[in-house]
Amino acid sequence: MTACAESFGYYLKSRLTFLINKTDSTWNSMSYIQVREDSKLEIPDDLTIGFIEGDGIGPDISRAAVTVINSCIELAYKEKRRIGWKKILAGDAAFEKTGKHLPQESLDELKKCVVSIKGPLTTPIGEGFRSLNVTMRQYFDLYANVRPIRYFPGVPSPVKNPEKVDMVVFRENTEDLYAGIEWRYDSDEAKKLRWFLKEDFQVKLTDDTGIGIKPISKFKSQRLVRKAIQYALANRRKSVTLVHKGNIMKYTEGAFKEWGYDLAATEFKDQTIREDELQQGAPAAWRVVMKDRITDNMFQQVLTRTDEYDIIATTNLNGDYLSDAIAAQVGGLGLAPGGNIGDVYAIFEAVHGTAPKYAGQDVANPTSLILSGGMMLRHIGWTEAANILEEALTLTYADQKVTQDLARVLKVKALSGTEFATEVIKRMKVP
């Protein structure tokens with residue numbers, strides 16, 4: 001190694017140590033976002049952001065992501081802007097300290113911060129406490145789960161043309177089956193509902209039937225579609241596709257589609273055009289094209305006609321499946337960011353699980369959380385820093401500097417999460 005490389009390596013190691021320590025020590029001298037009466041946010045230059053490390057690999061990827069985010073801000077704005085990170089307890093760490101997985105004090109801190117970011121949190125399957133992610137989404141009315149998914153050159157993919165993937169999924173976040181309205185088959189509530197359905201609607205269910213209710217409302221459907229169209233217009237995207245299972249569930253999924261079209265026709269009349277109108281020879285001046293697709297067909301379409309889709313707006317369960325399926329084309333959930341966004345509050349997150357067997361080993365891929373940090377920076381208007389972050393990440397993957405999840409496929413040396421963050425920071429530059 002040359003003296004120059006050694007000097008740079010020492011500097012970078014020292015810088016990373018400083019940025020990591022800064023995470024826990026500077027938040028109390030910073031300012032909080034202010035919410036105006038019109039729900040617009042006033043973003044201070046010395047900004048407090050809440051962060052939840054998460055369970056399992058959460059602390060590892062959070063540490064890496066924070067160093068990358070701090071570095072791109074410092075490069076973009078020097079000392080003019082900075083983030084102080086307010087650590088907030090949730091999940092296993094909160095339970096160990098307070099006996100609760102999501103104490104009220106943590107919810108109060110998230111509310112005070114307005115914008116936060118989090119690592120993955122454990123959710124038991126089939127028993128135990130309810131999903132903390134769902135709880136936070138509903139508590140803060142974070143009705144849009146937004147997942148931008150695109151390909152990074154150099155990343156192994158199971159499809160032939162992953163570079164065609166450039167979609168943003170807007171998934172309704174507060175109702176549908178995720179509203180959590182369900183009862184175990186042998187509960188009193190399930191027995192009462194089975195009796196009610198039999199007596200009043202002649203719907204006969206066997207005594208071993210658990211029951212869940214799927215609510216989909218006009219108000220919540222339309223505000224989700226509104227946010228998707230606004231995003232498409234602001235980012236000059238080509239189309240918004242309403243994905244639904246309306247051929248079977250006509251008054252829930254089918255209604256979602258109709259309410260979406262109605263909203264586009266009334267609130268965005270001069271800025272959108274339906275696909276069928278375009279096919280009939282309507283004027284070709286630029287407008288966002290409104291489409292709709294049946295859910296099962298859409299799974300095929302995103303594989304076989306990938307470049308025909310841009311922004312996707314869909315119901316909760318459909319969005320859960322579809323966003324994961326699209327992410328699989330570009331390397332998996334480890335490379336997919338996510339944001340839970342409402343009219344005021346926002347919580348950005350890694351969209352993958354906790355991977356407890358890798359906890360504390362510094363081997364997990366922090367890309368999902370790093371990219372979610374980029375989404376967060378765009379959300380608060382710090383676009384220059386977000387651009388630096390995303391370009392550096394792109395260059396890192398192009399050079400095949402990867403963690404173990406991708407290294408074993410590419411047959412290259414695996415980097416630790418900290419080493420990966422270092423490689424991203426090394427490639428940062430002002431445009």
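The figures that follow rest on heavy atoms only: side chains count, while hydrogens, waters and symmetry mates do not. Remember, it's a predicted structure, so these values are computed and weren't measured experimentally.
Residues E349 and N340 have side chains that bring a donor and an acceptor to within less than 3.5 angstrom of each other. The closest side-chain donor-acceptor pair between D292 and Y261 falls under 3.5 angstrom. With 3.5 Å as the limit, one finds no donor-acceptor pair spanning the side chains of T306 and E308. A donor-acceptor contact under 3.5 angstrom links the side chains of R378 and N387, judged on distance only. In the model, D343 has no side-chain atom that pairs as donor or acceptor with a side-chain atom of S39 under 3.5 Å.
Side chains of I73 and L377 form a contact here, defined as non-hydrogen atoms less than 4.5 Å apart. At least one side-chain heavy atom of E74 sits under 4.5 Å from a side-chain heavy atom of E79. Within the 4.5 Å cutoff, no side-chain heavy atoms of T48 are placed close to those of K112. Using a 4.5 Å cut-off on side-chain heavy atoms (C-beta onward), W286 and R236 make contact. In this structure, L121 and H101 have side chains that are not in contact, with every pair of non-hydrogen atoms separated by 4.5 Å or more. No side-chain heavy atom of E42 sits less than 4.5 Å from a side-chain heavy atom of I33. Counting heavy atoms from C-beta outward, F348 and H379 have side chains that approach closer than 4.5 Å. A 4.5 Å side-chain heavy-atom check between R226 and L263 finds at least one atom pair inside the cut-off.
Contact check on D324 versus R147 returns a salt bridge, with a Lys/Arg side-chain nitrogen under 4.0 Å from an Asp/Glu carboxylate oxygen. D176 and K214 are joined by a salt bridge, as a carboxylate oxygen and a charged side-chain nitrogen come within less than 4.0 angstrom of each other. A salt bridge is defined here as a Lys NZ or Arg NE, NH1 or NH2 lying under 4.0 Å from an Asp or Glu carboxylate O, and D405 with R408 fails to meet this definition.
Side chain of S368 to main chain of A336: a donor-acceptor pair is present (N/O by atom type, distance under 3.5 Å, no hydrogens or angles). For the pair N316 (side chain) and L177 (backbone), a donor-acceptor distance under 3.5 Å is absent. Side-chain N or O atoms of Q400 include none that pairs as donor or acceptor with a backbone N or O of T396 at under 3.5 Å. With hydrogens and angles disregarded, a donor-acceptor distance shorter than 3.5 Å links the side chain of D310 to the backbone of K238. Side chain of D55 to main chain of D92: a donor-acceptor pair is present (N/O by atom type, distance under 3.5 Å, no hydrogens or angles). T272 places no side-chain N or O within donor-acceptor distance of the main-chain N or O of K269, the cut-off being under 3.5 Å.
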For this session: Could you go through the side-chain contact (heavy atoms from CB on, under 4.5 Å) check for T241 and M290 one step at a time?
Result: CA-CA 6 Å; T241 303; M290 297 297 301; over 6 Å; no
Exercise. Which is it for T367 and Y397 under the side chain to side chain donor-acceptor pair (under 3.5 Å) test, yes or no, and what are the steps along the way?
Worked result: CA-CA 10 Å; T367 298; Y397 276 113; 2.5 Å; yes
For this session: Go through the steps to decide whether D141 and R223 satisfy the test side-chain contact (heavy atoms from CB on, under 4.5 Å), and finish with yes or no.
Result: CA-CA 12 Å; D141 200 21; R223 67 178 181 174; 2.7 Å; yes
For this session: Would you check, one step at a time, whether the test salt bridge (charged side-chain N to carboxylate O under 4.0 Å, His left out) holds for E253 with K257?
Result: CA-CA 7 Å; E253 301 265 342; K257 178 196 76 170; over 6 Å; no
Exercise. Hey, mind stepping through E175 and S217 against side chain to side chain donor-acceptor pair (under 3.5 Å) and telling me if it holds?
Worked result: CA-CA 8 Å; E175 53 181 1; S217 67; 3.2 Å; yes
Problem set entry | Residues E172, Y143; criterion side chain to side chain donor-acceptor pair (under 3.5 Å); working and verdict | CA-CA 6 Å; E172 204 291 319; Y143 60 84; over 6 Å; no
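Heavy atoms from other residues, nucleotides or ligands lying under 6.0 Å from CZ of F95 number 12 at most. In the displayed structure, R36 atom CZ is contacted under 6.0 Å by more than 12 heavy atoms of other residues, nucleotides or ligands. Counting heavy atoms of neighbouring residues, nucleotides and ligands inside a 6.0 Å radius, atom NZ of K401 does not exceed 12 of them.
For R171 and Y178, the positive end sits near the middle of the six-membered ring, less than 6.0 Å away and at most 45° from its axis. Figure legend: K111 and Y139 shown without cation-pi pairing, the cationic atom not lying both under 6.0 angstrom from the six-membered ring centre and within 45 degrees of its axis. Relative to the six-membered ring of Y231, R237 misses at least one condition, a distance below 6.0 Å or an angle of at most 45° to the axis.
When I347, L369, I52, I83 are each tested for a side chain to side chain contact (heavy atoms under 4.5 Å, CB included) with I117, only one passes: L369. With K245 as the fixed residue, the side-chain hydrogen bond (donor to acceptor under 3.5 Å, both in side chains) test singles out one of N318, D296, T295: D296.
Once rounded to the nearest 0.5 Å, the distance linking CZ of R81 with CD1 of I380 reads 8.0 Å. Between I149 atom CD1 and L333 atom CG the span is 8.5 Å, to the nearest 0.5 Å. For the atom pair NZ of K411 and CG of L406, the computed distance is 13.0 Å after rounding to the nearest 0.5 Å. Residue T266 holds its OG1 atom at 6.5 Å from CD of Q222, rounded to the nearest 0.5 Å. Taking CG from D262 and OG from S221, the interatomic distance works out to 11.0 Å, rounded to the nearest 0.5 Å. The distance from atom NZ of K426 to atom CD of E419, rounded to the nearest 0.5 Å, is 10.0 Å.
Between W259 and F219, a ring centre-to-centre spacing not shorter than 6.0 Å is recorded.
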